[in-house]
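Below is one structure, written out as structure tokens, with a few remarks after it.
Along the sequence shown, residues carry numbers from 1.
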Amino acid sequence: MSTKEFIKEQVEKFSSSFTPEQFTELSKMENSLIILEVPLKDYTLTEITRIVESNNAHITALNVIPISGGEFLLVSLKLDTDDVTVLLRSFERFNYNVVYYFMKEGEVTDKQKERLDELMYYLNM
């Protein structure tokens, strides 16, 4: 297969219909997912990548779709890291709106958060 045929095949495969599962589900090599809502005027892929890589993570897949008549973008970041809590805090610090996140391991449940809050309250007495 020639290079030109390969590129044509890949473009045709890419331009096929995009499903919600491709946007939100993880493959075997991806460990976590973060979906950001970003105003179109503020969208900078290099800034998002810098935040991710400064927290020792790597983007394995990236999907972007416009919403709200094109004023906002939903950015799906599939990452190779197990725990995204540090990344979530970094995105919040840089005023990114995290709409959804999922991690295969390391997720803090509501019950664990309640117990931690109780412990912190006790230590502050």
- Query: Between D83 (side chain) and T85 (backbone), is there a donor-acceptor pair under 3.5 Å?
  - Reply: yes
- Query: How many angstroms lie between CG in D42 and CZ in F72, if you round to the nearest 0.5 Å?
  - Reply: 9.0 Å
- If you take all heavy atoms of S76 and L33, which pair is closest and at what distance? OG-CD1, 3.3 Å
- Message: Would you compute the distance between atom OH of Y43 and atom CD of E37 and round it to the nearest 0.5 angstrom?
- Response: 14.5 Å
- Message: Run the salt bridge (Lys or Arg N to Asp or Glu O under 4.0 Å) test against R89 and tell me which residues pass, sequence neighbours left out.
- Response: none
- Query: Would you say V86 and Y101 are hydrophobically clustered, going by side-chain heavy atoms of ILVMFWY under 4.5 Å?
  - Reply: no
- Query: Can you name the one residue among L77, N97, V99 that meets side-chain contact (heavy atoms from CB on, under 4.5 Å) with L36?
  - Reply: L77
- Once you round to the nearest 0.5 Å, how far does CE of M103 lie from CG of D82? 10.0 Å
- Message: What's the separation between atom CD1 in I35 and atom CD1 in I65, rounded to the nearest 0.5 Å?
- Response: 8.0 Å
- Message: Working to the nearest 0.5 angstrom, can you tell me the gap between H58 NE2 and T49 OG1?
- Response: 11.0 Å
- Are I51 and Y96 side-chain neighbours, meaning at least one heavy-atom pair lies under 4.5 Å? yes
- Write down the atom of L87, the atom of T81, and the distance for their closest heavy-atom approach. CD1-CG2, 4.2 Å
- How many angstroms lie between atom CG of L79 and atom CG of L62, to the nearest 0.5 angstrom? 10.0 Å
- Closest non-hydrogen atom pair, D80 against T60: CB-CG2, 4.0 Å
- Item | Minimum heavy-atom distance between V84 and S32, given as atom pair plus value | CG1-OG, 3.2 Å
